[in-house]
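Structure, as structure tokens:
None of these values were measured; they are calculated from a predicted model.
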Amino acid sequence: MDCDYESMCATLCLEQTQAVHYYARTPEGSSLGNIAGFFFANFAYVDNDCNYQVADLFAVDIDLDTKRFVKAKLDDINVNAKETLILLWFNTIAAQHVKLHAMANWGVNVDEALAD
């Protein structure tokens, strides 16, 4: 069974924790379509030589009508849907998941003085 990379990229951006990176969408009636942009500043990743890298910006465009990947760039490099899915998934498990647990913990105050 083949993976539908375009659909999986959209699912991660629209329905998972990557939704917090939503930045903007095209205006109604745009000739580009109904596109949402997800921007990841200072995006950490591991390159093909297993070296830690940080891109200034990882930008992903998703069509909101078809719920499919449109395009993505890692700084000035165009990346395809398969590469984008790998980067999104790595971010989900290596960074985003940890951040969400930390944010949830900040919202919990277990100080005994507050029990009353």
Gap between atom [atom2] of [Y] and atom [atom1] of [X] - 0.5 Å precision:
X	Y	atom1	atom2	answer
L12	N91	CG	CG	10.0 Å
L88	Q16	CG	CD	11.0 Å
D63	K71	CG	NZ	12.5 Å
D61	F69	CG	CZ	8.5 Å

*Would a 4.5 Å heavy-atom cut-off, applied to side chains only, mark F58 and V79 as touching?*
yes
*Within a strict 4.5 Å, meaning less than it, do heavy atoms of the N80 and Y5 side chains meet?*
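A side-chain contact under 4.5 Å is absent here.
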*Begin from the C-alpha positions of C3 and L85 and carry the test side chain to side chain contact (heavy atoms under 4.5 Å, CB included) through to its verdict.*
CA-CA 10 Å; C3 178; L85 181 59; 4.1 Å; yes
Looking only at heavy atoms, what is the nearest atom pair of [X] and [Y], with distance?
X	Y	value
N78	E83	O-OE1, 4.4 Å
F38	Q18	CD2-O, 3.9 Å
L74	L87	CD2-CD1, 4.2 Å
T84	A72	OG1-CB, 3.3 Å
A81	C9	O-SG, 3.3 Å
V60	I62	CG1-CD1, 3.9 Å

*Apply the test side chain to side chain contact (heavy atoms under 4.5 Å, CB included) to residues L64 and R25: give CA-CA distance (whole Å), side-chain angles for both, the deciding distance (0.1 Å), then the verdict.*
CA-CA 9 Å; L64 296 173; R25 70 187 277 191; 4.0 Å; yes
*Take L57 and F40, measure what side chain to side chain contact (heavy atoms under 4.5 Å, CB included) needs, and give me the verdict at the end.*
CA-CA 6 Å; L57 181 65; F40 303 75; 5.6 Å; no
*Backbone N or O of A55 within a donor-acceptor pair of the D75 side chain at under 3.5 Å?*
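Side chain of D75 to backbone of A55: no pair is present.
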*Just by modelled atom types, is the T26 backbone N or O under 3.5 Å from a matching donor or acceptor in the S30 side chain?*
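No: the side chain of S30 does not pair with the backbone of T26.
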*May I ask you to decide if the ring planes of F43 and Y45 are parallel, tilted or perpendicular, using 30° and 60° as cut-offs?*
parallel
_Are more than 12 heavy atoms, taken from residues, nucleotides or ligands other than N51, located less than 6.0 Å from that residue's CG atom?_
yes
*Y22 OH: over 12 foreign heavy atoms closer than 6.0 Å*: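 Counting other residues, nucleotides and ligands, OH of Y22 exceeds 12 neighbours.
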_Applying a strict under-4.5 Å side-chain criterion to I, L, V, M, F, W and Y, I'd like to know whether I35 and L14 cluster together._
no
